[in-house]
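One structure is given here, and the rest of the page talks about it.
Each chain gets a letter, A, B and so on, in the order the sequences are listed, and its residues count up from 1.
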Amino acid sequence: MKLITAIIKPFKLEEVRTALTDLGLQGMTVTEVKGYGRQKGHTEIYRGAEYAVSFLPKIKVEVVVPSAQVEKALDAIQRAAKTGQIGDGKIFVSPIEHTVRIRTGEADDNAL
Amino acid sequence: MKLITAIIKPFKLEEVRTALTDLGLQGMTVTEVKGYGRQKGHTEIYRGAEYAVSFLPKIKVEVVVPSAQVEKALDAIQRAAKTGQIGDGKIFVSPIEHTVRIRTGEADDNAL
Amino acid sequence: MKLITAIIKPFKLEEVRTALTDLGLQGMTVTEVKGYGRQKGHTEIYRGAEYAVSFLPKIKVEVVVPSAQVEKALDAIQRAAKTGQIGDGKIFVSPIEHTVRIRTGEADDNAL
Amino acid sequence: MNFNGLKRIAASACTAAALYAGSALPSLAQDAAPTLDTGDTAWMLTSMCLVLMMSIPGLALFYGGMVRKKNVLSVLMATFATICLLTVLYVVVGYSMAFTEGGEYNSYIGGFSKVMLAGVGKESLTGTIPELVFMCFQMTFAIITPALIIGAIVDRMKFSALLIFMSVWMLVVYVPVCHWVWGGGFLANDGVLDFAGGTVVHINAGIAGLVACLVLGRRTGYGNESMAPFNLVLTLIGASLLWVGWFGFNAGSALGANTTAGVAMTTTQIATAMAALAWMFSEWLVHGKPSLLGVASGAIAGLVAITPACGFVDPKGALVIGAAAGVGCYIMSTGVKKALGYDDSLDVFGVHGVGGIIGAILTGVFAVEAYGGKAGLLEGNFAQVPIQVYGVLATVVWCAVATFVILMILKYTIGIRVSEAAEVEGLDVALHGESIQ
Amino acid sequence: MNFNGLKRIAASACTAAALYAGSALPSLAQDAAPTLDTGDTAWMLTSMCLVLMMSIPGLALFYGGMVRKKNVLSVLMATFATICLLTVLYVVVGYSMAFTEGGEYNSYIGGFSKVMLAGVGKESLTGTIPELVFMCFQMTFAIITPALIIGAIVDRMKFSALLIFMSVWMLVVYVPVCHWVWGGGFLANDGVLDFAGGTVVHINAGIAGLVACLVLGRRTGYGNESMAPFNLVLTLIGASLLWVGWFGFNAGSALGANTTAGVAMTTTQIATAMAALAWMFSEWLVHGKPSLLGVASGAIAGLVAITPACGFVDPKGALVIGAAAGVGCYIMSTGVKKALGYDDSLDVFGVHGVGGIIGAILTGVFAVEAYGGKAGLLEGNFAQVPIQVYGVLATVVWCAVATFVILMILKYTIGIRVSEAAEVEGLDVALHGESIQ
Amino acid sequence: MNFNGLKRIAASACTAAALYAGSALPSLAQDAAPTLDTGDTAWMLTSMCLVLMMSIPGLALFYGGMVRKKNVLSVLMATFATICLLTVLYVVVGYSMAFTEGGEYNSYIGGFSKVMLAGVGKESLTGTIPELVFMCFQMTFAIITPALIIGAIVDRMKFSALLIFMSVWMLVVYVPVCHWVWGGGFLANDGVLDFAGGTVVHINAGIAGLVACLVLGRRTGYGNESMAPFNLVLTLIGASLLWVGWFGFNAGSALGANTTAGVAMTTTQIATAMAALAWMFSEWLVHGKPSLLGVASGAIAGLVAITPACGFVDPKGALVIGAAAGVGCYIMSTGVKKALGYDDSLDVFGVHGVGGIIGAILTGVFAVEAYGGKAGLLEGNFAQVPIQVYGVLATVVWCAVATFVILMILKYTIGIRVSEAAEVEGLDVALHGESIQ
Ligand SMILES: Nc1ncnc2c1ncn2[C@@H]1O[C@H](COP(=O)(O)OP(=O)(O)O)[C@@H](O)[C@H]1O
Ligand SMILES: Nc1ncnc2c1ncn2[C@@H]1O[C@H](COP(=O)(O)OP(=O)(O)O)[C@@H](O)[C@H]1O
Ligand SMILES: Nc1ncnc2c1ncn2[C@@H]1O[C@H](COP(=O)(O)OP(=O)(O)O)[C@@H](O)[C@H]1O
């Protein structure tokens with residue numbers, strides 16, 4: 001199994017979720033994160049005090065998939081999350097050695 | 001070392017924490033996340049506009065443990081987090097190659 | 001590529017970010033997390049009801065770097081995040097097998 | 001003389017009830033030079049504070065809690081800045097155009113004799129209160145009415161365009177209609193009943209809101225993205241302060257601490273509660289759950305609908321008006337809006353427009369001579385309802401046309417809508433460089 | 001006649017102080033037909049607004065900020081909906097049963113002569129103010145009292161059961177006790193002193209809260225899970241608005257802008273501040289840290305305790321009453337509650353019940369003839385304290401029994417508690433389909 | 001006799017306008033024993049509530065929204081606890097020292113004849129209102145003034161030191177200056193004009209804030225870490241309630257529901273709106289974006305600047321004063337503060353100090369005889385401006401010296417600043433054991 005971690009623009013979450021479920025992936029975990037990168041942030045000014053906000057709101061989508069489905073998933077995510085604008089985000093793939101479904105104790109692919 | 005990532009129901013956090021500390025694990029990091037899966041969400045209606053809330057609040061517990069302790073830890077988490085109801089969550093195990101304790105510079109198992 | 005995950009004290013974020021950008025690392029993702037460890041929490045009392053708050057606010061910095069740069073990055077983070085006080089946090093290194101830049105489709109090191 | 005007479009007309013329109021019942025404001029009833037009544041003045045000073053509180057923080061919070069997090073501050077800003085700008089504008093010219101003799105055009109608009117409050121001296125009185133207090137009280141009506149429109153254009157209107165629109169709209173739409181009804185204009189003379197501003201304030205704002213949201217177009221993502229309210233706690237605070245402040249609006253429109261104020265307070269409380277329940281139970285029936293946003297919206301609908309009626313009807317009438325407003329506004333703000341697909345974002349038309357029309361017409365039905373000096377349909381006066389309808393139509397037509405023209409001119413000159421990028425980023429950061437943490 | 005006399009008793013109960021001191025309300029003191037006083041009316045119109053503001057948003061926020069995030073909206077909803085429902089109920093029958101002649105049962109309950117405000121005309125007066133204003137003012141008391149009980153049953157009561165309970169409780173518990181003390185019932189005749197409602201409002205609500213939380217049972221997870229307040233900023237806003245609004249409650253109970261109102265305002269401000277400090281320092285001593293929730297709770301305790309006394313005691317008495325309430329309520333709401341283990345979630349009994357009892361009894365101790373026309377223990381009148389205790393007991397017994405019976409009937413018919421699943425999910429989503437983001 | 005005369009001076013200082021215009025308060029103008037006016041009393045009861053609302057929740061929220069999340073509750077706590085502590089202190093000794101005859105030292109400080117309100121009976125009057133109401137009204141001024149200073153010392157001052165500082169400061173700085181201007185002290189006799197407290201309240205608080213932030217030093221991380229406001233929604237609510245409540249402060253200072261109150265209400269509304277716009281547009285020009293914090297800050301600046309002038313100037317004067325305050329305070333709170341590098345955290349000096357000075361001096365310029373009975377520079381009275389400057393200087397010098405000494409003594413005894421660890425953790429948890437979720 002692999003863990004696919006995608007950092008995307010917040011308003012793209014719904015599209016990404018649909019793209020993944022269309023592949024038959026039935027679960028994912030998302031986190032509100034802040035991202036720093038090529039996309040520049042903005043400046044806020046409060047009574048003359050300027051604060052550069054260089055971290056922008058992003059959504060991290062984590063989905064663990066059977067190794068076989070990694071390609072399709074990467075594809076789907078990229079297509080769904082892409083706007084072509086700077087700041088679209090990244091996708092990272094890393095290994096998962098073992099998975100357990102807490103409710104049933106099922107393991108690995110059966111746990112997904 | 002391994003990173004054990006558990007997605008659990010929020011009100012189970014205390015039990016899971018105790019279960020882990022009882023094993024002598026002295027640290028962990030938790031994140032508020034939203035989960036999508038078999039457990040169905042709810043619908044909110046504001047002045048007739050319906051919004052399906054399909055992501056449910058979950059807690060992500062991350063704990064890095066010496067490889068030797070992975071089994072015990074998985075066990076402890078599963079027992080503590082289980083309600084038997086759909087939505088109890090998952091546990092994922094992934095490899096950690098290197099660890100550093102910022103304060104002391106200690107490395108790997110000594111850093112945990 | 002490697003994923004470097006650093007759990008640090010919130011007010012150290014700016015310093016860590018600068019340290020990393022000084023290395024030419026152009027991106028990172030941060031998450032507000034809560035940490036449990038040797039550093040003790042505090043107690044809150046509301047009308048006599050005491051609640052022990054054992055999870056402390058921390059910041060999780062995640063940066064994916066080319067394997068070659070791991071050492072330099074670890075160093076930089078440790079130097080920037082260190083106060084010498086208990087609770088400074090940890091740094092974990094884990095493998096990343098594949099990376100994609102959503103905007104361009106570029107892969108691996110080029111995607112960073 | 002003319003001048004004094006005019007003032008008395010201005011006042012009497014508001015206190016028709018008192019006048020006809022003939023005694024509540026003795027100094028108005030007789031022709032002797034009026035003298036200051038400290039009790040009436042105390043209540044009107046208080047009423048001005050209450051109505052101002054309706055706008056800030058009341059209305060600002062009521063609206064602010066309903067938008068998405070990224071736009072909350074922009075809604076508060078739009079409301080607060082509008083209040084400030086229109087306060088100045090009203091003092092400079094608005095009051096004069098609303099409440100002075102307009103010469104040959106007096107049926108339609110007042111004159112400029114009191115520009116910059118010229119001749120409104122410290123000792124000058126309106127009825128039994130200082131004219132300056134009367135002016136301040138009327139000002140609070142003139143500034144909240146345009147502010148109500150904000151609910152229809154949130155999340156997408158340019159701030160600069162908003163300020164210009166508000167200024168022009170107050171002078172071209174609010175002030176004339178106010179003059180028609182309360183300043184001695186043609187609607188007053190034709191016998192239209194509007195105790196505290198159902199027509200002048202709410203129908204006016206409601207129609208303008210509808211036109212504005214149509215001209216502006218829908219919010220980006222409307223129908224697809226979730227636009228669930230950020231924090232209904234703010235909306236609840238706002239609705240509550242609107243309710244409390246509304247007693248200054250309605251009972252204050254008696255222009256004194258008299259029995260008419262007592263009637264207005266009672267009918268307002270009854271209709272508001274009834275409308276809130278009506279909306280809540282309708283929703284409970286239809287969607288299976290009663291909601292906080294629903295009960296709060298119902299309360300506002302009731303406040304709106306009782307506004308023109310509060311000094312003219314009795315408790316029973318107030319109950320019916322409240323029930324009708326609760327159900328009527330619920331249907332318009334949910335089913336009908338969805339069906340027609342326009343994005344009246346926070347239901348300015350659905351609540352203020354619809355509620356105002358329901359209230360204006362039912363005033364003609366439930367007016368009770370013993371309470372407000374005017375008989376309604378139920379007391380056999382068949383003439384009143386048509387007059388009320390006529391007042392509504394006059395306002396709707398003028399407001400719709402004028403609002404449309406103003407917005408079109410702005411649209412093709414400076415532009416009225418922010419860029420899509422700004423809309424996605426959120427107006428708080430894009431327009432004001434601020435954000436909620 | 002009887003009718004007028006009754007009204008005067010109703011009023012005089014509230015203004016005992018004024019009456020005995022014999023002059024503050026001249027039009028009441030003599031038998032000549034009372035005439036409207038615009039100053040008194042202005043203050044009473046204002047007072048009604050202030051007391052309404054205590055409930056919404058005051059009380060709603062005070063309670064809402066203390067629960068967990070998932071239940072905040074449900075607390076606001078319970079308060080707001082209760083206010084609306086009871087407003088209608090009070091107009092329909094509550095006012096009549098509280099303030100009219102009850103015939104042979106008059107010592108216990110009023111009659112139905114003013115059902116739907118029959119005969120409460122525009123011109124009818126109570127003392128020097130319109131009866132409609134008096135009715136609205138009294139209504140705000142009748143709607144906030146049941147709303148206070150909400151603090152004891154948050155996070156677990158069914159919304160439908162809550163609405164029914166509130167309605168029945170107002171008619172079966174509040175209205176009779178109000179009649180006993182202010183409507184010419186037996187407690188008034190026996191000389192019980194309760195200037196603004198320590199017994200009628202606070203002991204009543206406090207006892208009902210205790211019974212309700214016992215019948216309902218503890219919140220799921222009580223003692224194990226953290227139930228730390230979501231956002232004390234809301235609680236601070238609520239406490240502040242309660243404090244400000246309480247001047248309408250206490251000084252408004254003078255039924256006019258007179259010297260008695262001045263006394264009530266002064267003693268209220270003093271006792272409140274003193275109680276807040278007393279709670280804060282007790283806590284500082286015991287737990288090592290002064291807290292915002294503590295100082296705010298102390299302020300409410302002081303407001304509660306001075307309520308029955310505010311028109312009868314002098315500044316020194318107010319200081320002592322405040323100090324006693326601050327310390328007493330602190331002990332009951334923290335140590336004692338913990339020891340006994342009942343889940344009076346937001347301390348309705350600990351603050352309103354205990355504070356009300358302390359205040360009621362100390363009124364009998366510190367009453368000063370020169371201020372309120374009644375001598376207390378310190379001035380050698382040994383009779384008053386026993387009378388006060390008797391008043392407290394009568395209320396406690398009736399309230400406890402009636403509340404218990406009502407809840408039991410509901411429990412075994414429609415049920416009063418939500419499912420555990422709903423409790424875990426949170427009432428905002430489970431009951432109202434809404435949430436705070 | 002002396003006693004009555006003194007009271008009249010006390011009152012007349014506040015109502016100079018009324019007196020000179022010679023009629024608004026007839027019972028004061030003539031020497032006959034004054035009688036209670038229910039209308040005046042109604043307005044003053046209301047005004048006390050409004051001014052209290054300015055402090056809690058107004059000021060608490062205005063400040064609380066501007067700090068970082070970890071310190072919000074500590075700001076609310078500091079404000080609320082200060083209000084409570086000073087209420088008690090004012091009743092015990094403050095009122096007496098401010099408003100009684102001080103014998104040979106009377107030019108500088110009052111006496112102790114009314115300690116614990118001795119002799120302030122139920123029936124005793126000040127002008128046409130109960131003295132107890134006058135005392136409560138004055139109390140609200142005495143408690144908000146020290147509370148204003150909190151904005152300068154947030155995020156770093158010890159709570160215990162804060163309470164002691166507030167208590168001593170009220171007695172050593174506020175009370176004397178209040179006596180100088182309103183209690184028959186030397187500034188009143190020298191003809192300094194301060195209608196509602198520009199000097200007594202705002203310059204006083206502003207200077208004390210500046211001294212305090214200099215003695216305390218900057219917040220840890222100032223200039224490096226982001227100290228962006230946590231939630232400007234709270235600040236907006238606070239600013240709005242301050243604005244609404246300020247009518248009690250300014251129009252209430254007429255001590256009655258009279259034409260002077262009407263003037264004060266009008267000029268206050270105009271200057272506030274104008275100042276808000278002035279700040280907003282300055283900012284828009286300089287930084288390219290108009291901000292909510294800016295427009296709200298401008299409104300407060302305008303309220304501050306019009307305070308000394310509100311009963312003396314006409315609408316035109318109010319417009320100019322507002323504009324001057326908006327621009328002046330904007331410059332001081334942004335550019336200048338940054339340049340000088342002191343950490344007046346929430347701009348107590350920049351807004352209250354600067355605004356108060358601008359207002360005090362411009363009062364001497366724009367005073368209009370027909371409105372306030374006093375001619376200003378524009379009407380050819382060249383004497384007034386120097387007198388105003390003299391009043392400002394006297395206050396600045398005394399306030400600066402006394403504040404510095406008090407803080408130094410505290411610094412070298414119990415200490416005034418929390419540990420850096422506590423500052424990093426946040427005062428909510430460190431000092432009060434509470435937090436916002
Ligand atoms: N090396 C990295 N490690 C972790 N996250 C990264 C890295 N680089 C970029 N990101 C994440 O991806 C987001 C988008 O990256 P950015 O450089 O702004 O645009 P783009 O991906 O289009 O080049 C960033 O906001 C950050 O959250
Ligand atoms: N493939 C997955 N990758 C990442 N997280 C997942 C995945 N599947 C489920 N989860 C997480 O586990 C939670 C519980 O899963 P769900 O299917 O609802 O119940 P159960 O685990 O009992 O089958 C989800 O809310 C989600 O956060
Ligand atoms: N085994 C672990 N797995 C994951 N996170 C950990 C682990 N141990 C510590 N942490 C994180 O590191 C933070 C600091 O650890 P702590 O033991 O408090 O101090 P120190 O790192 O100085 O020994 C914790 O708050 C927690 O977030």
Side-chain angles (χ1 to χ4, degrees), chain B residues 6-23 27-63 76-90, chain E residues 56-57 60 64 66-81 84 154-160 163 216-232 338 343 345 417-437:
Chain B
I7 314 290
I8 62 171
K9 287 182 167 163
F11 67 92
K12 282 296 196 177
L13 176 59
E14 268 315 294
E15 288 172 62
V16 170
R17 184 181 64 79
T18 331
L20 288 170
T21 44
D22 291 351
L23 290 183
M28 70 198 71
T29 300
V30 311
T31 314
E32 291 182 0
V33 297
K34 294 200 174 303
Y36 178 84
R38 285 163 190 70
Q39 183 188 9
K40 287 295 143 255
H42 61 269
T43 311
E44 298 185 2
I45 306 185
Y46 299 98
R47 287 191 180 161
E50 306 203 4
Y51 301 114
V53 179
S54 44
F55 287 95
L56 301 169
K58 299 282 172 185
I59 290 280
K60 175 161 79 171
V61 179
E62 289 172 304
V63 53
I77 295 174
Q78 203 193 333
R79 235 184 291 90
K82 181 170 181 166
T83 69
Q85 304 295 320
I86 207 162
D88 276 354
K90 314 272 188 235
Chain E
I56 52 167
M66 277 190 254
V67 298
R68 289 159 294 173
K69 185 178 183 183
K70 62 183 180 179
N71 295 318
V72 174
L73 297 179
S74 73
V75 172
L76 304 186
M77 177 75 180
T79 312
F80 201 92
C84 297
V154 295
D155 299 6
R156 55 199 191 286
M157 189 164 184
K158 276 171 71 173
F159 185 66
S160 51
L163 293 183
L216 258 179
R218 305 170 175 184
R219 286 166 289 177
T220 301
Y222 183 69
N224 312 327
E225 286 175 48
S226 164
M227 295 190 171
F230 163 54
N231 187 345
L232 289 177
K338 225 155 134 188
D343 181 14
S345 311
R417 188 160 177 154
V418 299
S419 70
E420 189 176 326
E423 218 179 317
V424 169
E425 182 178 25
L427 302 195
D428 292 1
V429 166
L431 297 186
H432 307 299
E434 298 175 303
S435 65
I436 297 178
Q437 277 168 30

Original post:
Side chain, backbone, both or neither: which part of B:Y51 has an atom under 4.5 Å from a heavy atom of chain E?
Top reply: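 Neither the backbone nor the side chain of B:Y51 comes within 4.5 Å of chain E.
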Contacts table for residues 428-437 of chain E: side-chain donor-acceptor under 3.5 angstrom, sequence neighbours left out:
residue: E:D428; atom: OD1; partner: E:L73; partner atom: N; Å: 3.1
residue: E:D428; atom: OD1; partner: E:S74; partner atom: N; Å: 2.7
residue: E:D428; atom: OD2; partner: E:V72; partner atom: N; Å: 3.4
residue: E:D428; atom: OD2; partner: E:L73; partner atom: N; Å: 3.1
residue: E:H432; atom: ND1; partner: D:P290; partner atom: O; Å: 2.9
residue: E:E434; atom: OE1; partner: D:L292; partner atom: N; Å: 2.7
residue: E:E434; atom: OE2; partner: D:L292; partner atom: N; Å: 3.4
residue: E:E434; atom: OE2; partner: D:L293; partner atom: N; Å: 3.0
residue: E:S435; atom: OG; partner: B:E44; partner atom: OE1; Å: 3.3
residue: E:S435; atom: OG; partner: B:E44; partner atom: OE2; Å: 2.8
residue: E:Q437; atom: NE2; partner: D:P229; partner atom: O; Å: 3.2

**OP:** Could you tell me the separation between the OG1 atom of E:T220 and the CZ atom of B:F11, rounded to the nearest 0.5 Å?
**Re:**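 If we round to the nearest 0.5 Å, E:T220:OG1 and B:F11:CZ are 10.5 Å apart.
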**OP:** Would you give the length of the straight line joining atom CG of B:L13 to atom CD of E:E225, rounded to the nearest 0.5 angstrom?
**Re:**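 With rounding to 0.5 Å, CG (B:L13) is 11.0 Å from CD (E:E225).
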Original post:
Is atom CD of E:E420 surrounded by more than 12 heavy atoms (other residues, nucleotides or ligands) closer than 6.0 Å?
Top reply: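 Open: at most 12 neighbouring heavy atoms sit under 6.0 Å from CD of E:E420.
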**OP:** Flag yes if more than 12 heavy atoms outside B:E32 fall under 6.0 Å of its CD atom; otherwise flag no.
**Re:**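 12 or below, so no.
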Subject >> Qualifying residues under ring-ring contact (aromatic ring centres under 6.0 Å, His included), relative to E:F230, sequence neighbours excluded >> reply: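 Result, ring-ring contact (aromatic ring centres under 6.0 Å, His included) vs E:F230: none returned.
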